[in-house]
Each structure stands twice: as C-alpha cells, then as structure tokens.
Amino acid sequence: MSAPLFLVESLPTADALTLDGPEGHHAATVQRLRVGEELLLADGRGGTAAAAVTAVGRGSLDLTITSRGYVDAPVPRLVTVQGIAKGDRGELAVQAMTEVGVDEIVPWAAARSVTQWRGDRGVRAREKWVATAREAAKQARRPWLPVVAGSPDESTATVARRIAGAAAGFVLHEEADERLTTAELPSAGEIVLVVGPEGGIAPAELTAFREAGGRPVRLGPAVLRTSTAGVAALSVLATRLGRW
C-alpha cells in the first residue's frame, strides 16, 4: 500500500518538522501512524516531500524528510463545468472527478438546476465542494489539488466565455451524434467538459455553448446521472490522453 498523503500550506525547508493541526491529528489519531512508518507531504501545487515518523505526540507527528520532489501539472488541463445538483449529488461528483484526475471544477448555475446557490448558502455549498476535493485528492495521493472556481458559482455566459478560450470544449448531451471516445483532442491547453444538472441542459444553454465553440458529445446509449456523467467522461479523456 502506498504511503498516505497529507496536505500542507508549504513544504518544509528543513530536514525535520512537526506535523500538527488537523493534518497532524488525522495522521496520529485517526490513521494511527507509528514510528518508522512513511508518509508523503504535498503542497497541492506539485511539490512533494517523503518523510518518516520519528516520534508520535498527542495529535502530532515528528518527521524526518527523506526525499523531495516535484510533479509537473498534467497537460492538457481538464476542466469540468458541473451543473449544480440537489442534495449530495454535487459533492459525490466532485469526489469522484477529483479521484480520476480533474484539474478544475466549475460550479454552474444552470437554468434547470433544482438547487440554487444564493447568499451565504451558496458560499457554504462551495466550501463543501472545496473540502470534498481536498479530501479526495489526499485519498487519491494527488500532488496537485483541483481548483474549485466560482464565487460561489458561474453563470452560463461565463461558462460560454470559458469554452471560447479553451483548446476544446465538449458538452455532454444525450442527443449528440459525436462520441467523446472518437472526438479529436488537443495535446495542450485546456479541455472544458460541460455536465448538465438533473434536468439536463436547456436548449438556450446548448445554443450558447455551440456558438462559443462547444461540441455536443455523448458517451453511449445510457443516460447517466449528473453525479456520474462527469467522472465517466473524465475516465475516457484520461485514457485517451495517456494519463492512465
């Protein structure tokens, strides 16, 4: 089993440090790491440091750094525009997409989104997405932490502009003729993937995305839930781009 990963604001410059706070508590109390065991520290921006536990405290670990590294950001960059879903489906989507390698998640206030992020509720909802992405990145041992866009969400017009500036934009749509499995992919830049909410993408939204250069694509004959469509599409892209 690979060493567990813990996220820190910045990697230590010294060869010894104490891991405390929430990450130290999780390492010492929840995962119950012991002297001699190894772990990985990451700053969420590609920097990593392997470390060995030298002492265990109450909610903290003393560590010795054994090696340092850096992982380049993957290209092309994968951005998923996720239509805001009701209940915990949005968080389920964020978790799964993070685990399979999404680089940025854009909460989209779609016309058919049952749940609308307004005021403090929207801020709290976005914070849940950020926390979910963080924990999923740790579980997947990812050195790069996905970005969660929005303040707290993004409009259709903003998404269209994002598509227009991307190397490629794909809109998952059940009536599309083109398959994502055979669509031409760029070798660099940004690939924007749009996933609609439970009610699907409204005709006016589809028109706006088409005019911005987005290409409707489908995965297969089945209609997937909003919480699974994004992860399925990202799996296709990860395979075709050689990430997997």
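Bear in mind the structure is a predicted one, so any value in this text is a computation, not a measurement. Note that the numbering runs from 1 along the sequence shown for the chain. Side-chain atoms are counted along with the backbone in the values below, which use heavy atoms only and exclude waters and symmetry mates.
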Linking I/L/V/M/F/W/Y whenever any side-chain heavy atoms sit under 4.5 Å apart, do [X] and [Y] land together?
| X | Y | answer |
| --- | --- | --- |
| Val81 | Val231 | no |
| Leu7 | Leu63 | no |
| Val79 | Val75 | no |
| Val102 | Val217 | yes |
| Leu61 | Val8 | yes |

Might you confirm whether atom CZ of Arg240 has over 12 heavy atoms from other residues, nucleotides or ligands at distances under 6.0 Å?
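Counting other residues, nucleotides and ligands, CZ of Arg240 exceeds 12 neighbours.
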
Any side-chain heavy-atom pair of [X] and [Y] under 4.5 Å:
| X | Y | value |
| --- | --- | --- |
| Asp153 | Arg126 | no |
| Ile191 | Pro186 | yes |
| His25 | Val30 | yes |

So, does [X] use its side chain to make a donor-acceptor pair with the main chain of [Y] at under 3.5 Å?
| X | Y | result |
| --- | --- | --- |
| Trp144 | Val71 | yes |
| Arg141 | Ala3 | yes |
| Thr226 | Glu198 | no |
| Thr156 | Glu205 | no |
| Glu91 | Asp88 | no |
| Thr54 | Asp62 | yes |

If you look at every heavy atom in [X] and [Y], which pair is closest and at what distance?
| X | Y | value |
| --- | --- | --- |
| Leu172 | Ile201 | O-CD1, 3.7 Å |
| Trp244 | Ser235 | CH2-OG, 3.5 Å |
| Glu184 | Phe170 | O-CZ, 3.6 Å |
| Leu78 | Gly101 | CD1-O, 4.4 Å |
| Val195 | Gly230 | CG2-CA, 3.8 Å |
| Gly122 | Trp117 | CA-CB, 3.5 Å |

How long is the gap from [atom1] on [X] to [atom2] on [Y], to the nearest 0.5 Å?
| X | Y | atom1 | atom2 | answer |
| --- | --- | --- | --- | --- |
| Gln139 | Leu5 | CD | CG | 10.5 Å |
| Glu154 | Ile84 | CD | CD1 | 10.0 Å |
| Lys86 | Ser227 | NZ | OG | 11.5 Å |
| Tyr70 | Leu11 | OH | CG | 11.0 Å |
| Glu37 | Arg32 | CD | CZ | 11.0 Å |
| Glu104 | Leu193 | CD | CG | 13.0 Å |

From CA spacing to verdict: side-chain contact (heavy atoms from CB on, under 4.5 Å), Ile105, Val147
CA-CA 6 Å; Ile105 301 168; Val147 174; over 6 Å; no

Would you check, one step at a time, whether the test side-chain contact (heavy atoms from CB on, under 4.5 Å) holds for Arg34 with Val56?
CA-CA 7 Å; Arg34 294 294 178 254; Val56 179; 4.2 Å; yes

Distance-only side-chain donor-acceptor flag, Thr158 / Arg161, under 3.5 Å:
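A donor-acceptor contact under 3.5 Å links the two side chains.
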
Ile65: side chain to side chain contact (heavy atoms under 4.5 Å, CB included) partners, not counting sequence neighbours
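For Ile65, the residues satisfying side chain to side chain contact (heavy atoms under 4.5 Å, CB included) (neighbours in sequence not counted) are Pro12, Leu17, Leu41, Ala49, Ala51, Arg68.
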
Under the rule for side chain to side chain contact (heavy atoms under 4.5 Å, CB included), what residues qualify as partners of Ala133, not counting sequence neighbours?
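Listed in chain order: Val94, Thr98, Val148.
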
Quick one: do Arg124 and Glu127 make a salt bridge, cutoff under 4.0 Å?
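Judged by the 4.0 Å cut-off on N to carboxylate O distance, Arg124 and Glu127 do not form a salt bridge.
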
Salt bridge check, Glu23 against Lys138: does any charged N sit closer than 4.0 Å to a carboxylate O?
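Judged by the 4.0 Å cut-off on N to carboxylate O distance, Lys138 and Glu23 do form a salt bridge.
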
Can you name the residues that form a salt bridge (charged side-chain N to carboxylate O under 4.0 Å, His left out) with Arg243, not counting sequence neighbours?
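Only Asp103 meet the salt bridge (charged side-chain N to carboxylate O under 4.0 Å, His left out) criterion with Arg243.
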
Set of salt bridge (charged side-chain N to carboxylate O under 4.0 Å, His left out) partners for Glu190, sequence neighbours left out
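Scan of Glu190 (salt bridge (charged side-chain N to carboxylate O under 4.0 Å, His left out), adjacent residues dropped) gives Arg77, Arg162.
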
Could you list the donor-acceptor pairs under 3.5 angstrom formed between side-chain atoms of residues 174-182 and any protein atom two or more places apart in sequence or on another chain?
unit_1: Glu178; atom_1: OE2; unit_2: Arg215; atom_2: NH2; d: 2.7
unit_1: Thr182; atom_1: OG1; unit_2: Arg179; atom_2: O; d: 3.3

Partner of Pro143 under side-chain contact (heavy atoms from CB on, under 4.5 Å), chosen from Leu40, Asp43, Thr48
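In the set Leu40, Asp43, Thr48, the residue that makes a side-chain contact (heavy atoms from CB on, under 4.5 Å) with Pro143 is Thr48.
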
Tell me which pairs pass ring pair (Phe, Tyr, Trp, His ring centres under 6.0 Å) where either residue lies in residues 178-234, with sequence neighbours left out.
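Passing the test, one end in residues 178-234: Trp108-Phe209.
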
